[in-house]
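Here's the structure we're looking at; comments come further down.
These numbers come from a predicted model, not from an experiment. Values below: every heavy atom of this structure, side chains too, minus hydrogens, waters and symmetry copies. Residue numbers run from 1 in the order of the sequence given.
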Amino acid sequence: MALRVIPCDLKTANEFVRRPHRHSRPVVGHKLAVGVADEDTGTLHGVAIVGRPVAPRLDNGQAAEVTRLCTDGTRNACSMLYGAARRAARALGHAPIYTYTLPDEGGASLRAAGFKLDKEDAGGSAAMWHSRE
């Protein structure tokens, strides 16, 4: 199957993410969203949503963050989405571009898209997330 990158609106992207990730809240605002679709049928196989960094300390007006990335498991869809999101954000003048992964996720798609590991365990333990005022 041949995939192509397509523009995507926020409503469509949020709906795609909601189906397999019911735990993820819909993104309220964004800078851009992209999708990957089957070149022949137009079937959407994944989306990426890019917005302002969630961490206030990183939100300097220039930075961007891939806040959601979701696929249906189609081969190479993640790499295509990360690459397209990174290129689009850079084209709009955003730098740096952040994203976060779980420790058990390998990161091959991120490396293929040109991302570099900044640091491990950047978010701290999950117990810390709910202890803030």
(Q) Is there a path of hydrophobic side-chain contacts, each under 4.5 Å between heavy atoms of I/L/V/M/F/W/Y residues, joining Tyr98 to Leu92? (A) no

Q: Might you point out which heavy atoms bring Ser109 and Tyr82 nearest each other, and give the distance in Å?
A: CB-CD1, 4.1 Å

Q) What heavy-atom pair brings Ala85 and Ala48 nearest, and what distance separates the two atoms? A) CB-CB, 4.3 Å

(Q) What's the separation between atom OG1 in Thr74 and atom CG in Leu44, rounded to the nearest 0.5 Å? (A) 9.5 Å

Q | Value rounded to 0.5 Å, distance of CZ in Arg68 from OG1 in Thr99 | A | 10.5 Å

Q. Closest heavy-atom contact between Thr12 and Asp9?
A. N-OD1, 2.8 Å

Q.
Let me confirm one number: the CZ-OG1 distance from Arg25 to Thr67, rounded to the nearest 0.5 Å.
A. 14.0 Å

Q) Side chains of Phe115 and Ile97: does their closest heavy-atom pair fall under 4.5 Å? A) yes

Q | Check: Met80 and Val5 side chains under 4.5 Å, non-hydrogen atoms | A | yes

Q.
For Arg86, is there any backbone N or O sitting under 3.5 Å from a side-chain donor or acceptor partner on Arg90?
A. no

Q | Donor-acceptor side-chain pairing of Ser79 and Asn76 below 3.5 angstrom | A | no

Q. Going from CZ on Phe16 to CG on Asp72, what distance comes out if it is rounded to the nearest 0.5 angstrom?
A. 5.0 Å

**Q.** Pairwise side-chain contact, Val17 with Val47, heavy-atom cut-off 4.5 Å (strictly under)
**A.** yes

Q. Between the side chain of Glu65 and the main-chain N/O of Val50, is any donor-acceptor distance below 3.5 Å?
A. no

Q) Under a single-linkage definition using a 4.5 Å side-chain heavy-atom cutoff for Ile, Leu, Val, Met, Phe, Trp and Tyr, are Val54 and Val27 assigned to the same hydrophobic cluster? A) no

Q | CD on Glu15 to SG on Cys8, rounded to 0.5 Å | A | 11.0 Å

**Q.** Side-chain heavy atoms of Thr43 within contact of His45, under 4.5 Å
**A.** yes

Q) CG/Leu3 to CZ/Arg75 distance, rounded to the nearest 0.5 angstrom? A) 11.0 Å

Q | Close side-chain approach of Thr71 to Leu81, heavy-atom, < 4.5 Å | A | yes

Q. Side chains of Arg52 and Lys31: closer than 4.5 Å at any heavy-atom pair?
A. yes

Q: Could you walk me through whether Leu10 and Ile49 pass side-chain contact (heavy atoms from CB on, under 4.5 Å), step by step?
A: CA-CA 8 Å; Leu10 184 58; Ile49 303 171; 4.0 Å; yes

